[in-house]
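See structure below.
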Amino acid sequence: MTQSPVTTISEIGKHDGQSVTLRGWLYNLRESGKLLFPIFRDGSGVIQGVLAKNAVAAEVFDAVKSLTQESSVIVEGKVRADKRAPGGFELDVAAIEIVQRVSESDPYPISPKEHGVEFLMEHRHLWLRSSRQSSILRVRAEIIKAVRDFFDDRGFVLTDSPILTPAACEGTSTLFPVDYFDEQAYLTQSGQLYIEASAMALGKVYSFGPTFRAEKSKTRRHLTEFWMVEPEVAYATLDDIMDLAEGLISSVVKKCLERRRADLDVIGRDVSKLEKIEAPFPRITYDAAVQMLQEGHAQGALESKFEWGGDLGSPDETYLAQKFDRPVMVHRYPAKVKAFYMEPDPKNPAAALCVDVLAPEGYGEIIGGSQRMSSYELLVQRIREHGLPEEAFKWYLDLRKYGSVPHSGFGMGIERAVAWICGLEHVRETIPFPRMLNRLYP
RNA sequence: UCCUCAGUAGCUCAAUGGCAGAGCAUCCGGCUGUUAACCGGAGGGUUGUAGGUUCGAGUCCUACCUGAGGAGCCA
């Protein structure tokens, strides 16, 4: 092959009328008599090639004609703007080098036709190559970058929490145990307790990493391994972190609309719904939410009547979220349904200074946060009430002995945020290799 | 853990208790603008597993396995 400049499909518009080299894979091949229409992908996008039998060398035509799906190829050809092409450009193929040809006796299993969930999940390592899955992963990467930029630009310091932990932060029933030499350790279910310590050192901090929950949940919103970003701010109140949460979400959505609109189109997302996501978000108390739920039940929109004092269930969250066109913040839940470390509301000690942010369109809770308890005595009392091993929390209690201050933070689940922003049916598509109740492979 | 549904060709699905079928994929042939191309042909089956009912079971019954959707729990 001659040496034309190597480029990518996403950049190919800059080379209109020129010869270029693309390195990628055959996505599909159509033919019509003496014409071939190979579709190539290279990780940045998809482009259709064209070969006419009387216009190219016979060996090039035959080589393309015999290609199998997902064979890896280096192609050279002239870029041509064409209204018939979905991406606006086509490639008049002049030469091709087959890097590895997929055998027809063992063809690529994922055809352009429909497949079932189980089959696709068994072939997740190959499913990632589809346009839709590639676009989702690009949006995921954009969301993570937008999250980190948001905090970095505001003076937060990234202080990651350990993955291996000696004890639970919210009870032991949902932990994955691992052998740690002669001790029992667990995979973390939240980095929160540790970033409280680093917030006391550095003021404004966040952690970003994987978390693990051995919940036997089998729903479209659950993974056993998922990624969380958790900011923690010294001297911040509940109101402060509600401001922070709505700023984060609106900033992330805006970045995706600016930089990943083409991918959102591939995924089929209705971006008009995302364009409405601007601060301020509605804020309602738990008490107001209960009233809305009871009205919903009276109107027949909800099956069961919600009683004050319980935690919100999935159908309840979906109902509340449907009342708004942007995320809704529900704050001040009853303390007894929330974690032990939450500060009581001074105006009503039965309520906790906490907030759940419910995404629109039924995507459920994407953020959970609170003001943390700052009193040593009260925290000891709560740890005992919850039957937690006091010895394991000695270091955490130290934070309340040496310059304790009010502080607040929250956790945002990356996969739920990706599912919502992309408009996906299930969080399993939001991460390259999802870990679920019945899925550890591939 | 509980509730509901499903499992038939590589994939997606049909088949009243009575001969196991189609589309896609693969292979062969045709077509100079195809858009999940189309047209013709070929090969491809231990109907999830183990029992049971029946003259006869993909179909009915029991148990188990696997998967999906939901509840609870949660981000």
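Just so you know, these numbers use all the heavy atoms, side chains as well, and skip hydrogens, waters and symmetry mates. Lettering of chains follows the sequences in order, A, B, ..., and the numbering in each one begins at 1.
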Assess whether one donor atom and one acceptor atom, taken from the side chain of [X] and the base of [N], lie less than 3.5 Å apart.
X        : N     : answer
A/Lys218 : B/A71 : no
A/Gln48  : B/U34 : yes
A/His222 : B/C74 : yes
A/Asn438 : B/U66 : no
A/Ser217 : B/C73 : yes

Given [options], the nucleotide with the shortest approach to the side chain of [X]:
X        : options             : answer
A/Glu118 : B/A71, B/C74, B/U66 : B/U66
A/Ser314 : B/C24, B/U32, B/C74 : B/C74
A/Asn28  : B/A36, B/G69, B/A25 : B/A36
A/Pro315 : B/A71, B/A75, B/G69 : B/A71
A/Lys113 : B/U26, B/U34, B/C24 : B/C24
A/His115 : B/C11, B/C27, B/A36 : B/C11

Side-chain ([X]) to main-chain ([Y]) donor-acceptor, under 3.5 angstrom:
X        : Y        : answer
A/Ser71  : A/Val102 : yes
A/Gln371 : A/Leu238 : yes
A/Thr211 : A/Phe226 : yes
A/Arg439 : A/Tyr441 : yes

*side-chain contact (heavy atoms from CB on, under 4.5 Å) involving A/Ser370 - partner list, sequence neighbours excluded*: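 Here the qualifying residues are A/Tyr341, A/Met342, A/Cys354, A/Arg372.
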*State whether A/Arg221 places a side-chain N or O below 4.0 Å from either non-bridging phosphate oxygen (OP1 or OP2) of B/A71.*
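Yes, within the criterion.
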*Is any side-chain nitrogen or oxygen of A/His426 closer than 4.0 Å to OP1 or OP2 of B/A68?*
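Answer is no, no contact under 4.0 Å.
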*Is there a side chain to side chain donor-acceptor pair (under 3.5 Å) between A/Ser103 and A/Ser105 once you walk through the steps?*
CA-CA 5 Å; A/Ser103 167; A/Ser105 66; 2.7 Å; yes
*Round to a whole Å and report the spacing from CZ of A/Phe306 to P of B/G72.*
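So the CZ-P distance, A/Phe306 to B/G72, works out to 10 Å.
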*Between B/G10 and B/A25, how far is it from one C1' atom to the other, in whole Å?*
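About 7 Å, rounded to a whole number of Å.
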*asked:* Measuring only the C1' atom in each nucleotide, how far is B/U8 from B/U66? A whole number of Å is fine.
replied: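 That atom pair is separated by 15 Å.
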*Can you name the one residue among A/Arg138, A/Arg269, A/Arg140 that meets side-chain hydrogen bond (donor to acceptor under 3.5 Å, both in side chains) with A/Asp263?*
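It is A/Arg138; the other options fail the test.
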*For RNA chain B, just give me the dot-bracket, please: Watson-Crick or G-U, both distances below 3.5 Å, ( ) intra-strand, [ ] crossing earlier pairs, | paired with another strand, . unpaired.*
(((((((..((((....[..)))).(((((.......))))).....(((((..]....))))))))))))....
